[in-house]
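Shown next, in structure tokens, is the structure this report addresses.
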Amino acid sequence: MSQEKDQLFFRNFALVVGILAVLMVIFIVLSRIYGIDEAAEAERDATAVAERTAPVGEVVMKGEEGAFDEAPMTMEESTPAADSGSGSSGDPGQHIYENLCVNCHGISALAAMIPQMGDASAWAPRISKGVDVLYEHALNGFTGELGMMPARGGNPALSDDEVKAAVDYMVSQSQ
């Protein structure tokens, strides 16, 4: 009796494997007929990946072709001139505000937490504490009930005079 059961099992097993093999062949044929050309698709994908992951710049060592021989630009050299038509008056405080401080003090969505430049009512209580307190908070950072001010506006490369110039500019525009 067990031999008959074994024969029945092997016959059914062979039938199932045969059906699966036939289905596999049918799916392969259909995918070749209606499918996308895999080589062309792979080439398009490789090109797209290469474009997305291309480096932003290159490192060029001094003395190599394309190397710059001049010194790096300083803050004074990078400040736009008053006659450049950019609307900047050449005031370093304005330049720093436009390039750093505006990221927080110029976004109206943050007005509930951060005083926006030009909002006299938001700046009045801060200005009444004195400019030295404003300098202290701008230089060393401050955490209050409405939010926080990172030290040097989050740019540790700024000098004390540059931070103070930015504070003076914002105060002058907010009185």
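Sequence neighbours left out, the pairs with a member in residues 137-162 that pass ring pair (Phe, Tyr, Trp, His ring centres under 6.0 Å) are His137-Phe142.
Residues Val133 and Trp123 do not share a hydrophobic cluster, defined by chaining ILVMFWY side chains whose heavy atoms lie under 4.5 Å apart. Both Tyr97 and Leu134 belong to a single network of hydrophobic side chains, linked directly or stepwise wherever heavy atoms of I, L, V, M, F, W or Y lie under 4.5 Å apart. A single hydrophobic cluster is seen to contain both Val102 and Val167, as judged by linkage of ILVMFWY side chains at heavy-atom distances under 4.5 Å, directly or through other members. If you chain together hydrophobic residues whose side chains sit under 4.5 Å apart, Tyr34 and Val29 fall into the same group. Under the 4.5 Å side-chain contact rule for hydrophobic residues, Leu15 and Met24 do not share a cluster.
Taking CD from Glu98 and CG from Asp91, the interatomic distance works out to 9.0 Å, rounded to the nearest 0.5 Å. With rounding to the nearest 0.5 Å, the separation of NE2 in His105 from CE in Met149 is 5.0 Å. Atom CD1 of Ile28 sits about 11.0 Å away from atom CG of Leu23, to the nearest 0.5 Å. Separating the SG atom in Cys101 from the CE atom in Met117 is a distance of 9.5 Å, to the nearest 0.5 Å. One finds the CD atom of Gln94 at 9.0 Å from the OG atom of Ser172 (value rounded to the nearest 0.5 Å). Rounding to the nearest 0.5 angstrom, the gap separating the NZ atom in Lys164 from the CD1 atom in Ile96 is 13.0 Å.
The minimum heavy-atom distance linking His95 with Asn99 is given by the pair O-ND2, 2.8 Å. Between Ser128 and Pro125, the shortest heavy-atom contact is OG-O, 2.7 Å. Scanning both residues, Thr53 and Val49, for their nearest heavy atoms gives OG1-O, 2.7 Å.
For Tyr135 and Asp168, the side-chain atoms include at least one donor-acceptor pair closer than 3.5 Å. If you check the side chains of Gln7 and Gln3, you find no donor sitting under 3.5 Å from an acceptor.
At distances below 3.5 Å, not a single donor-acceptor pair connects side-chain atoms of Ser174 with backbone N or O atoms of Val171. The closest donor-acceptor contact from the side chain of Gln173 to the backbone of Met170 lies at 3.5 Å or more, if one exists at all. Side-chain atoms of Asp119 do not come within 3.5 Å of backbone N or O of Pro115 as any donor-acceptor pair.
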